[in-house]
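So the structure is just underneath, and the comments pick up after that.
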Amino acid sequence: MSLRLEQRTAEAVEMRTRLELTERTHSTAKEEARRLKQENERLRKELAAAVQNNTTNNEGLVRRGVFSRRRRGIFRNLQRVASFRRKLFGGG
């Protein structure tokens, strides 16, 4: 009888520990989700402000060719990545 009681007590302690860990993990996940939402909102506002500023300055930047140079640089980088992938993983 006392052996059974000891086993039940050990099971109860283990279950309680699991429950506490689960609750802690859940609250940590909630905090992380809240933090990520706030960061997402901040970045969204920052992007909206940058887009708004960019639309007022676009004409000057396009005339000087800044966007076309950036575009060429981006495509060049993409070609380098594709070439690197082919070398690394093979294929054509």
Side-chain angles (χ1 to χ4, degrees):
M1 183 77 158
S2 66
L3 181 61
R4 184 188 281 173
L5 184 59
E6 280 183 40
Q7 288 175 343
R8 291 288 209 174
T9 303
E11 288 175 5
V13 168
E14 185 179 342
M15 291 174 92
R16 180 67 184 169
T17 303
R18 285 183 182 178
L19 178 62
E20 288 175 3
L21 287 174
T22 302
E23 288 174 349
R24 205 174 301 152
T25 302
H26 182 68
S27 65
T28 303
K30 275 181 150 178
E31 289 173 18
E32 182 70 10
R34 182 183 51 76
R35 186 188 67 75
L36 288 172
K37 283 180 183 178
Q38 288 175 344
E39 185 178 353
N40 187 21
E41 186 60 32
R42 181 186 61 79
L43 290 172
R44 204 180 287 249
K45 288 177 182 177
E46 190 177 310
L47 178 62
V51 166
Q52 187 175 8
N53 288 338
N54 214 6
T55 54
T56 59
N57 297 330
N58 264 351
E59 295 169 17
L61 293 174
V62 171
R63 255 183 298 185
R64 288 178 288 186
V66 172
F67 286 134
S68 61
R69 281 195 300 265
R70 280 189 192 160
R71 192 178 315 123
R72 279 194 302 260
I74 290 170
F75 285 120
R76 213 175 291 127
N77 286 340
L78 288 174
Q79 289 170 347
R80 287 180 188 147
V81 169
S83 172
F84 180 71
R85 280 187 179 165
R86 281 193 299 272
K87 287 178 184 175
L88 191 62
F89 299 112

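Below, each value reflects all heavy atoms present in this structure, side chains not excepted, and no hydrogens, waters or symmetry copies. Since the model is a prediction, treat every value here as computed from it, not as a measurement.
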Inset, instruction - Starting at CD of Glu32, measure out to OG of Ser27 and round the result to the nearest 0.5 Å. - result: 12.0 Å
Inset, instruction - Taking only Lys NZ, Arg NE, NH1 and NH2, and the carboxylate oxygens of Asp or Glu, determine whether Arg18 and Glu14 approach each other closer than 4.0 Å. - result: yes
Legend entry - NZ on Lys30 to OG1 on Thr25, rounded to 0.5 Å: 13.0 Å
Legend entry - Heavy-atom side-chain contact between Leu21 and Thr17 under 4.5 Å: yes
Legend entry - Salt-bridge criterion met for Arg35 and Glu31 (N-O under 4.0 Å): no
Inset, instruction - Could you please spell out the steps behind the salt bridge (Lys or Arg N to Asp or Glu O under 4.0 Å) verdict for Arg16 and Glu20? - result: CA-CA 6 Å; Arg16 180 67 184 169; Glu20 288 175 3; 3.3 Å; yes
